[in-house]
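Computed from heavy atoms alone, side chains included, the values below leave out hydrogens, waters and symmetry copies. We count residues from 1, following the sequence as given. The structure displayed is predicted, hence computed values, not measured ones.
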Amino acid sequence: MMQCFHFMVEPAKSITAKLKESHKRAKAEKQEPLDENQLFVVELARDLNRVCQKSEVLEYIWNLEDTWPTPLCQAFILEWACMLESKKRPMQTDGWPESTERSSQDLVSEQDLQEAKTVILNWTKDLRAQPEQSVWPGNNVAKSLDDLQSAWRWGRVPSLVTAMELVMWTLISQSLDKETIPQQWLIWKQKSKKIGAVRYIPQSVWKWISDAAVEVTLDLDTANPDLLISNDEKRMRCGFERKEVPNFHQRFDGWWCAVGMEGFDSGRHYWEVEVGERDWRLGVAKESALRKGFKSLNTNTGYLTLRLERGTELKALTVPFTALPPGLIPNKVGVYLDYDQGQLSFYDVDSRSHIYTYNESFDEKLFPLFGTVEIIKDLVISSPAAKTHRLCPVPCLWG
């Protein structure tokens with residue numbers, strides 16, 4: 001007990017000094033001084049930077065250049081205390097703790113925060129016993145940290161939370177191959193927070209996603225008769241007249257949708273879609289999903305999708321539906337299916353940010369799903385692996 005008390009005195013002194021420095025600086029710059037939760041994160045960043053190589057980006061935090069809002073600091077402290085505690089328990093089969101997501105409605109008590117800080121302080125006690133710059137994070141983490149530093153300096157990310165998380169994972173993950181940490185970090189983020197989990201995905205992780213790119217073409221036998229499909233079967237829009245086509249059992253005859261030619265029952269797959277501004281839906285359809293009529297295409301009927309309605313309402317079609325913030329509405333959507341991990345994720349390609357993830361144990365073949373009501377602008381499917389073969393948007397594409 002005495003040893004623990006002695007350990008906690010040193011951080012307290014440091015935090016007191018930092019609080020005085022913060023108040024002095026805030027007064028000079030006419031800003032609000034940092035509170036104890038913010039200063040706790042500042043001291044943690046210093047400890048991480050001291051031990052982990054290639055983590056110079058964290059200096060922006062402990063030099064008080066990147067200051068986080070108090071709610072973000074509280075959430076970070078609670079989450080990582082939970083993560084450190086979970087490392088004492090048996091891991092999941094993939095080596096990572098269970099989800100630590102807290103509801104935004106959860107009240108944060110001072111007692112919860114103090115207990116969480118104690119957990120982290122007990123961990124940093126061992127961390128401080130390690131020699132300076134003694135831990136190599138791995139090439140992929142190092143590249144990600146460099147990328148995040150550049151992105152933060154250019155204003156592409158609001159804070160360096162991701163950098164802190166990657167360094168934390170480097171220091172607590174003894175059993176994992178360090179080169180896979182950025183990828184495993186993303187999988188964990190999407191498990192623990194379904195909506196907007198990552199504001200900026202580092203380049204090395206984005207490359208890992210896009211390396212799973214597949215060619216997706218539309219299955220004409222499934223397309224609603226109102227849809228016009230391009231000759232290369234990668235573009236679609238609504239026409240003005242319903243075509244006379246065979247009414248196959250797999251064809252959509254209500255919603256203006258079509259699925260891809262190939263379904264997936266294992267592995268990783270990624271494709272991109274340029275979407276319209278009015279109404280679209282993207283995701284996957286289970287092989288057993290009903291395609292006739294106007295029954296809701298949601299998780300109860302075998303669909304895992306996002307839909308934009310009236311140009312302003314973005315939804316995940318869960319039951320009941322999940323409304324997504326307007327700020328997440330994309331112009332180009334990346335759809336990433338990791339069948340074996342049980343994740344279907346949607347990204348804003350332009351900002352390399354996360355939109356939404358479905359977490360589910362898949363047990364049947366999944367087909368890429370596309371829907372639109374646009375009559376002028378095409379919905380366009382592309383693959384990052386085929387960017388040099390861009391489609392020409394001229395009328396001759398259409399049959």
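A donor atom on one side chain and an acceptor atom on the other are found under 3.5 Å apart for Asn247 and Lys292. A side-chain N or O of Trp62 and one of Asn49 form a donor-acceptor pair less than 3.5 Å apart. A side-chain N or O of Lys117 and one of Asn37 form a donor-acceptor pair less than 3.5 Å apart. A donor atom on one side chain and an acceptor atom on the other are not found under 3.5 Å apart for Gln341 and Tyr339. With no hydrogens or angles considered, no side-chain donor-acceptor pair links Thr318 and Thr299 at under 3.5 Å. Side-chain polar atoms of Asp348 and Ser353 form no donor-acceptor pair below 3.5 angstrom. Under 3.5 Å, the side chains of Asp35 and Thr70 contain a donor-acceptor pair of N or O atoms. Side chain to side chain, Thr357 and Gln343 fail the donor-acceptor criterion of an N or O pair below 3.5 Å.
Under the 4.5 Å side-chain heavy-atom criterion for ILVMFWY residues, a single connected hydrophobic cluster contains both Tyr60 and Val167. Under the 4.5 Å side-chain heavy-atom criterion for ILVMFWY residues, a single connected hydrophobic cluster contains both Phe264 and Leu218. Met261 and Leu220 fall into different hydrophobic clusters, where Ile, Leu, Val, Met, Phe, Trp and Tyr side chains are chained together by heavy-atom contacts under 4.5 Å. Under a hydrophobic-cluster definition in which Ile, Leu, Val, Met, Phe, Trp and Tyr are linked whenever side-chain heavy atoms come within less than 4.5 Å, directly or via other members, Val335 and Ile195 are assigned to the same cluster. Under the 4.5 Å side-chain contact rule for hydrophobic residues, Val319 and Phe362 do not share a cluster.
When all heavy atoms are compared, the tightest approach of Gln133 to Gln53 is O-NE2, 3.2 Å. Closest approach of Pro330 and Leu314 over heavy atoms only: CD-CD2, 4.4 Å. Heavy atoms only, all atoms of each residue included: Gln190 and Asn359 are closest at O-ND2, 3.1 Å. Of all non-hydrogen atoms in Cys238 and Thr372, the two that sit nearest each other are SG-O, 3.3 Å. Pairing each heavy atom of Gly283 with each of Trp271, the nearest pair is O-CZ2, 4.1 Å. Between Pro384 and Glu272 the shortest heavy-atom distance is CG-OE2, 3.5 Å.
In this structure, Met236 and Ser230 have side chains that are not in contact, with every pair of non-hydrogen atoms separated by 4.5 Å or more.
Counting non-hydrogen atoms of neighbouring residues, nucleotides and ligands closer than 6.0 angstrom, the CG atom of Asn331 reaches no more than 12 such neighbours. Applying the 6.0 Å contact sphere to CD of Gln114 captures more than 12 heavy atoms from other residues, nucleotides or ligands. Heavy atoms of other residues, nucleotides or ligands lying less than 6.0 angstrom from NZ of Lys243 number more than 12. Around the NZ atom of Lys295, the shell of radius 6.0 Å holds no more than 12 heavy atoms that belong to other residues, nucleotides or ligands. Within a 6.0 Å radius of CZ in Arg153, other residues, nucleotides and ligands contribute 12 heavy atoms or fewer.
Ring centers of Trp152 and Tyr200: at least 6.0 Å apart, outside the cut-off. In this structure, the ring of Trp80 has its center no less than 6.0 angstrom from the ring center of Trp123. Here Phe346 and Tyr356 keep their ring centres 6.0 angstrom or further from each other.
The pair Asp147-Lys143 does not count as a salt bridge, with every side-chain nitrogen at least 4.0 angstrom from each carboxylate oxygen. Ion pairing between a basic and an acidic side chain is recognised when a charged N comes within 4.0 Å of a carboxylate O; Glu79 and Lys193 show no such pairing.
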For this session: Please lay out, stage by stage, how Leu78 and Leu113 fare under the test side chain to side chain contact (heavy atoms under 4.5 Å, CB included).
Result: CA-CA 7 Å; Leu78 292 167; Leu113 281 170; 4.1 Å; yes
For this session: Take Leu48 and Leu171 through the side chain to side chain contact (heavy atoms under 4.5 Å, CB included) test and state the conclusion after the steps.
Result: CA-CA 8 Å; Leu48 300 178; Leu171 297 175; 3.5 Å; yes
Problem set entry | Candidate pair Lys189 and Glu165, rule salt bridge (Lys or Arg N to Asp or Glu O under 4.0 Å), full reasoning | CA-CA 10 Å; Lys189 290 294 289 184; Glu165 289 180 336; 3.0 Å; yes
Exercise. Which is it for Lys234 and Glu215 under the salt bridge (Lys or Arg N to Asp or Glu O under 4.0 Å) test, yes or no, and what are the steps along the way?
Worked result: CA-CA 9 Å; Lys234 285 180 172 287; Glu215 289 291 344; 2.8 Å; yes
For this session: I would like to know whether Lys332 and Val275 meet side chain to side chain contact (heavy atoms under 4.5 Å, CB included); could you show each step before the answer?
Result: CA-CA 6 Å; Lys332 189 172 188 178; Val275 291; over 6 Å; no
For this session: Mind running side chain to side chain contact (heavy atoms under 4.5 Å, CB included) on Ser345 and Tyr347 for me, showing each step along the way?
Result: CA-CA 7 Å; Ser345 297; Tyr347 307 103; 3.4 Å; yes
For this session: Under the salt bridge (Lys or Arg N to Asp or Glu O under 4.0 Å) rule, what do Arg242 and Asp226 come out as? Steps first, then yes or no, please.
Result: CA-CA 5 Å; Arg242 173 161 286 219; Asp226 291 335; 3.1 Å; yes
For this session: Test Lys377 against Glu374 for salt bridge (Lys or Arg N to Asp or Glu O under 4.0 Å), laying out the working first.
Result: CA-CA 6 Å; Lys377 184 173 182 179; Glu374 294 275 1; over 6 Å; no
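A donor-acceptor pair is defined here as one N or O able to donate and one able to accept, closer than 3.5 Å; such a pair exists between the side chain of Ser55 and the backbone of Cys52. Without hydrogens or angle criteria, Arg50 side chain to Leu127 main chain gives a donor-acceptor distance under 3.5 Å. Formation of a donor-acceptor pair under 3.5 Å by the Arg251 side chain with backbone atoms of Ala223 is found in this model. Within the 3.5 Å criterion, the main-chain N or O of Val51 finds no donor-acceptor partner in the side chain of Gln130. A donor-acceptor contact shorter than 3.5 Å links the side chain of Arg291 to the backbone of Gln250. The closest donor-acceptor contact from the side chain of Asp219 to the backbone of Asp221 lies under 3.5 Å. Not a single donor-acceptor pair under 3.5 Å links the side chain of Ser173 to the backbone N or O of Thr170.
Shown here are the side-chain hydrogen bond (donor to acceptor under 3.5 Å, both in side chains) partners of Glu277, two or more places apart in sequence or in another chain: there are none.
The CG atom of Leu344 lies 8.0 Å from the CG atom of Leu366; values are rounded to the nearest 0.5 Å. One finds the CG atom of Leu148 at 6.5 Å from the CG atom of Leu166 (value rounded to the nearest 0.5 Å). Thr180 OG1 to Asn140 CG: the interatomic distance, rounded to the nearest 0.5 Å, is 8.5 Å. To the nearest 0.5 Å, the span separating CG on Leu290 from OG on Ser296 amounts to 11.5 Å. Separation of atoms CZ (Phe40) and CD (Gln38) is listed at 13.5 Å; rounding is to 0.5 Å. Rounding to the nearest 0.5 Å gives a distance of 4.5 Å between CD of Gln203 and CZ of Arg352.
Cluster partners of Ile375 are Phe240, Ile376, counting Ile, Leu, Val, Met, Phe, Trp and Tyr whose side-chain heavy atoms approach within less than 4.5 Å, directly or via other members.
Geometrically, Arg307 does not engage Trp280 in a cation-pi contact defined by less than 6.0 Å to the ring centre and at most 45° from the axis. Cation-pi geometry between Arg268 and Trp208 is met: the NZ or CZ atom falls under 6.0 Å from the ring centre, inside 45° of the normal.
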